[in-house]
Amino acid sequence: MTVKIAPSILSADFARLGEEVRAIDAAGCDWVHIDVMDGHFVPNITIGPAIVKALRPHSKKIFDVHLMIDPVDPFIEDFAKAGSDYITVHAEAGKHLDRSLQFIRSLGKKAGVSLNPATSESAIEFVMDKIDLILVMSVNPGFGGQSFIESQIAKLQRLRAMIGDRPIELEVDGGVTADNAARIKAAGATALVAGSAVFKTPDYEKNIAAIRNA
Ligand code: DX5
Ligand code: ZN
């Protein structure tokens with residue numbers, strides 16, 4: 001099975017975001033990964049629902065929206081209406097993960113849950129039937145361009161076993177490069193986020209292919 005590649009537009013040129021989304025679409029990405037940060041749950045501020053809505057006409061590909069915000073529930077509906085496909089919340093944000101996930105699905109969207117590097121996979125043991133995607137953070141969220149945290153390979157292997165035959169995507173986010181992509185895939189990942197590794201040089205097609213074919 002080929003792994004899905006989800007370039008993170010956090011590393012794109014924010015002054016030309018629509019153009020950048022069209023460029024990664026044309027370069028063969030599978031999903032568009034959109035990092036939403038609030039300066040509270042993570043030490044950085046990025047994109048809000050108005051920008052997701054403005055980007056929507058630029059690509060028909062799946063919008064994979066990663067919410068690094070706390071509280072999260074008051075904003076889920078806005079991101080759904082803006083045109084998100086997957087909406088991913090952090091297990092560490094908000095107090096009622098089960099409710100947040102049910103709410104996402106009630107809006108007709110795919111529900112994702114993300115785990116920070118220090119969070120055990122056991123945090124999602126009791127919501128496995130309410131999720132469509134698990135996003136393993138392989139860096140501490142907040143910034144692009146950090147190094148992959150090796151301990152997350154073992155977490156991926158455990159999550160792969162927990163998923164069994166459920167139709168859940170296992171996505172990895174942070175420090176993914178053409179050099180480590182093969183090991184991450186071998187640990188069970190089905191989707192790879194890559195920010196700096198895609199946007200570092202102008203040939204996005206080559207950079208995406210290098211990660212996919214690693
Ligand atoms: C980090 C974000 C990531 C980040 C990945 O908080 O969630 O999506 O942009 O960037 P790279 O691939 O450069 O580590
Ligand atoms: Zn992300």
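Keep in mind that what you see is a predicted model, and the values were worked out from it rather than measured. For ligands, and for the atoms within them, numbers begin at 1 and follow the listed sequence. Values below: all heavy atoms of this structure, side chains included; hydrogens, waters and symmetry mates excluded.
Judged purely by atom type and a 3.5 angstrom limit, Asn116 has no side-chain atom pairing as donor or acceptor with the backbone of Ala118. When atom types are taken as modelled, the side chain of Ser84 and the backbone of Val65 share no donor-acceptor pair closer than 3.5 angstrom. No side-chain donor-acceptor contact under 3.5 Å links Arg183 to the backbone of Ile153. Not a single donor-acceptor pair under 3.5 Å links the side chain of Thr177 to the backbone N or O of Ala197.
Nearest protein heavy-atom neighbour of atom 6 (O) of ligand 1: Gly142 N, 2.7 Å. Ranking the protein heavy atoms by distance from atom 1 (C) of ligand 1 puts Phe143 O, 3.6 Å first. Closest protein heavy atom to atom 5 (C) of ligand 1: Asp173 OD1, 3.5 Å. Annotation: atom 12 (O) of ligand 1 to nearest protein heavy atom, Gly195 N, 2.7 Å. Scanning the protein heavy atoms around atom 14 (O) of ligand 1, the nearest turns out to be Gly175 N, 2.8 Å. Distance from atom 10 (O) of ligand 1 to its nearest protein heavy atom, with residue and atom name: Gly144 CA, 3.6 Å.
For ligand 1, none of its N or O atoms has an N or O atom of Asn140 under 3.5 Å away. Taking only nitrogen or oxygen atoms, main chain and side chain alike, Gly145 reaches within less than 3.5 Å of ligand 1.
Close approach of ligand 1 to His66 (heavy-atom distance below 4.0 Å) involves ligand atoms 7 (O). Ligand-side atoms of ligand 1 in range of Met137: 7 (O), range being under 4.0 angstrom from any heavy atom. Proximity to Gly174 (heavy-atom distance under 4.0 Å) selects the following atoms of ligand 1: 14 (O). Near Val193, meaning under 4.0 Å from any of its heavy atoms, are these atoms of ligand 1: 8 (O). Counting the atoms of ligand 1 from 1 in the order shown, those under 4.0 Å from a heavy atom of Met68 are 6 (O), 7 (O). Close approach to Met37 involves these atoms of ligand 1, each under 4.0 Å from a residue heavy atom: 6 (O). The His33 neighbourhood of ligand 1 comprises atoms 8 (O), with distances under 4.0 Å to a heavy atom of that residue. Close approach of ligand 1 to Ala194 is summarised as follows: ligand atoms under 4.0 Å from at least one heavy atom of the residue are 12 (O).
Within a 6.0 Å radius of NZ in Lys4, more than 12 heavy atoms belonging to other residues, nucleotides or ligands are found.
The shortest non-hydrogen separation linking Arg105 to Ala111 is CG-CB, 4.0 Å. Residue Ser138 comes nearest to Gly174 through the heavy atom pair OG-O, 2.7 Å, listed as atom of the first residue, atom of the second, then distance.
Closest N/O/S atom of Asp35 to the Zn ion (ligand 2): OD1. His66 has its closest N, O or S atom to the Zn ion (ligand 2) at the position named ND1. Atom OD2 is the N/O/S atom of Asp173 found closest to the Zn ion (ligand 2).
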Item to check | Intermediate values then yes/no, side chain to side chain contact (heavy atoms under 4.5 Å, CB included), Phe199 and Leu10 | outcome: CA-CA 9 Å; Phe199 288 96; Leu10 183 61; over 6 Å; no
Next on the checklist: Working note: Val193 + Val176, criterion side chain to side chain contact (heavy atoms under 4.5 Å, CB included); need CA distance, chi angles, decisive distance, verdict.
Outcome noted: CA-CA 7 Å; Val193 177; Val176 174; 5.8 Å; no
Item to check | Arg166 vs Asp129, salt bridge (charged side-chain N to carboxylate O under 4.0 Å, His left out): CA-CA, chis, key distance, verdict | outcome: CA-CA 8 Å; Arg166 294 182 181 90; Asp129 293 319; 3.0 Å; yes
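Considering only non-hydrogen atoms, atom 9 (O) of ligand 1 lies nearest to Ser8 out of Ala6, Ser147, Ala12, Ser8.
Ring-plane geometry between His90 and His66 is classed as parallel, the angle between the planes falling under 30 degrees on a 0 to 90 degree scale with a further cut at 60.
Both the backbone and the side chain of Ser196 come within 4.0 Å of ligand 1, judged by heavy-atom distances.
Ion pairing of Asp85 with Arg56 is present here, as a side-chain N (NZ or NE/NH1/NH2) and a carboxylate O approach within less than 4.0 Å.
We find the CD1-CD1 distance between Ile45 and Ile69 to be 12.0 Å, quoted to the nearest 0.5 Å.
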